[in-house]
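What follows is a single structure, written as structure tokens, with notes after it.
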Amino acid sequence: MEPMDIIGKSKEDASLPKATMTKIIKEMLPPDVRVARDAQDLLIECCVEFINLISSESNEVCSREEKRTIAPEHVLKALQVLGFSEYIEEVYSAYEQHKLETLHDLAKSVKWGNGAEMTEEEALAEQQRMFAEARARMNGGATAPKQPDPEQSLES
């Protein structure tokens with residue numbers, strides 16, 4: 001298999017965002033160290049290859065267990081099989097941190113019927129205001145007033 005060969009995907013389709021990767025690379029190095037552009041490109045390609053390798057092995061582990069969904073345990077087992085056991089503890093720790101952050105973000109998000117910050121009437125008024133603003137933009141670019149008249153009907 002050719003490097004970067006992914007079934008049905010071109011090399012460009014299987015890449016990582018350059019800006020994000022450049023930021024990560026720079027954060028890992030002392031401030032006085034510069035990285036040539038072709039070295040950055042090579043590091044990005046190495047990351048893509050590593051992800052492909054781990055994904056492929058995770059899929060194999062998953063298949064051996066007759067599962068259809070790759071779970072975090074499959075990724076950890078793939079790291080072990082591929083000889084990256086020394087990273088398992090750190091990867092698991094990062095995974096646990098990610099779960100905590102996700103739960104924290106979920107708890108902060110506004111949910112209907114679960115401690116919503118707006119009453120249904122306030123939400124309806126906000127929706128009507130947003131509709132009015134959109135209509136105004138579509139009909140000549142004028143903006144609607146910030147607060148709709150509470151007596152305004154739903155048909156407007």
Side-chain angles (χ1 to χ4, degrees), residues 1-120 122-124 126-138 141 143-144 146:
M1 184 162 92
E2 288 291 315
M4 301 288 293
D5 229 4
I6 300 175
I7 299 170
K9 300 281 184 183
S10 72
K11 185 175 183 177
E12 291 77 32
D13 291 339
S15 189
L16 296 169
K18 282 192 176 194
T20 302
M21 293 303 298
T22 299
K23 181 181 176 204
I24 292 170
I25 292 166
K26 287 182 179 180
E27 285 176 358
M28 298 304 298
L29 298 173
D32 61 330
V33 174
R34 294 176 41 138
V35 181
R37 186 167 310 281
D38 56 343
Q40 287 179 9
D41 292 344
L42 180 58
L43 284 168
I44 292 169
E45 285 187 39
C46 288
C47 291
V48 170
E49 282 299 316
F50 181 73
I51 291 168
N52 288 337
L53 180 67
I54 297 297
S55 299
S56 179
E57 186 59 38
S58 297
N59 185 51
E60 291 293 321
V61 170
C62 182
S63 294
R64 283 192 294 268
E65 293 181 10
E66 298 180 1
K67 304 283 184 182
R68 294 180 51 135
T69 302
I70 297 173
E73 305 81 53
H74 299 133
V75 176
L76 296 172
K77 180 67 175 172
L79 286 169
Q80 180 183 11
V81 168
L82 293 169
F84 296 106
S85 297
E86 67 269 18
Y87 297 104
I88 292 175
E89 189 175 321
E90 187 173 346
V91 169
Y92 186 76
S93 176
Y95 167 64
E96 288 295 317
Q97 181 66 32
H98 170 73
K99 280 192 338 188
L100 287 173
E101 289 171 5
T102 302
L103 287 174
H104 178 70
D105 291 346
L106 188 62
K108 282 179 20 180
S109 68
V110 176
K111 294 210 185 266
W112 290 107
N114 190 15
E117 292 180 13
M118 277 194 235
T119 65
E120 189 171 340
E122 290 170 331
L124 181 59
E126 178 67 11
Q127 180 184 39
Q128 291 301 317
R129 183 191 64 75
M130 290 166 48
F131 284 153
E133 284 182 0
R135 269 193 299 278
R137 281 193 307 272
M138 294 296 290
T143 58
K146 288 291 182 195

(message) Within the 4.5 Å heavy-atom criterion, are Gln128 and Phe131 side-chain neighbours or not?
(response) yes

(request) Nearest 0.5 Å please: distance from the CG atom of Leu103 over to the NE2 atom of His98. (result) 9.5 Å

(request) Output all residues satisfying side chain to side chain donor-acceptor pair (under 3.5 Å) with Lys99, sequence neighbours left out; order by chain, then residue number. (result) Glu96

Would you be so kind as to tabulate the donor-acceptor pairs closer than 3.5 Å made by side chains of residues 20-40, with sequence neighbours excluded?
{"residue": "Thr22", "atom": "OG1", "partner": "Lys18", "partner atom": "O", "Å": "2.8"}
{"residue": "Thr22", "atom": "OG1", "partner": "Gln40", "partner atom": "OE1", "Å": "3.3"}

(request) Identify the heavy atoms of Ile44 and Ser15 that sit nearest to each other, and give their distance. (result) CG2-OG, 4.2 Å

(message) A quick test of your reading: do over 12 heavy atoms of other residues, nucleotides or ligands sit less than 6.0 Å from CD of Glu86?
(response) yes

(message) Applying side chain to side chain donor-acceptor pair (under 3.5 Å), can you list everything that pairs with Gln97, at least two apart in sequence or on another chain?
(response) Glu101

(request) Please name all residues satisfying side chain to side chain donor-acceptor pair (under 3.5 Å) with Arg68, sequence neighbours left out, ordered by chain then number. (result) none

(message) Test: ring-ring contact (aromatic ring centres under 6.0 Å, His included). Region: residues 52-78. Which pairs qualify, not counting sequence neighbours?
(response) none

(message) For Gln80, give me all partners under side chain to side chain donor-acceptor pair (under 3.5 Å), at least two apart in sequence or on another chain.
(response) none

(request) Could you pull out all residues at least two apart from Tyr95 that satisfy ring-ring contact (aromatic ring centres under 6.0 Å, His included)? (result) none

(message) Restricting to ring-ring contact (aromatic ring centres under 6.0 Å, His included), what partner residues turn up for Phe84, sequence neighbours left out?
(response) Phe50

(message) Check this for me: does any side-chain nitrogen of one of Lys77 and Glu73 sit under 4.0 Å from a carboxylate oxygen of the other?
(response) no

(message) Tell me every residue that passes salt bridge (charged side-chain N to carboxylate O under 4.0 Å, His left out) with Glu65, counting only those two or more places apart in sequence or in another chain.
(response) none

(message) Give me each pair satisfying side-chain hydrogen bond (donor to acceptor under 3.5 Å, both in side chains) with a member in residues 55-64, each pair once, sequence neighbours excluded.
(response) Glu57-Arg64

(request) Find the distance between CG (Leu42) and SG (Cys47) and round it off to the nearest 0.5 Å. (result) 9.5 Å

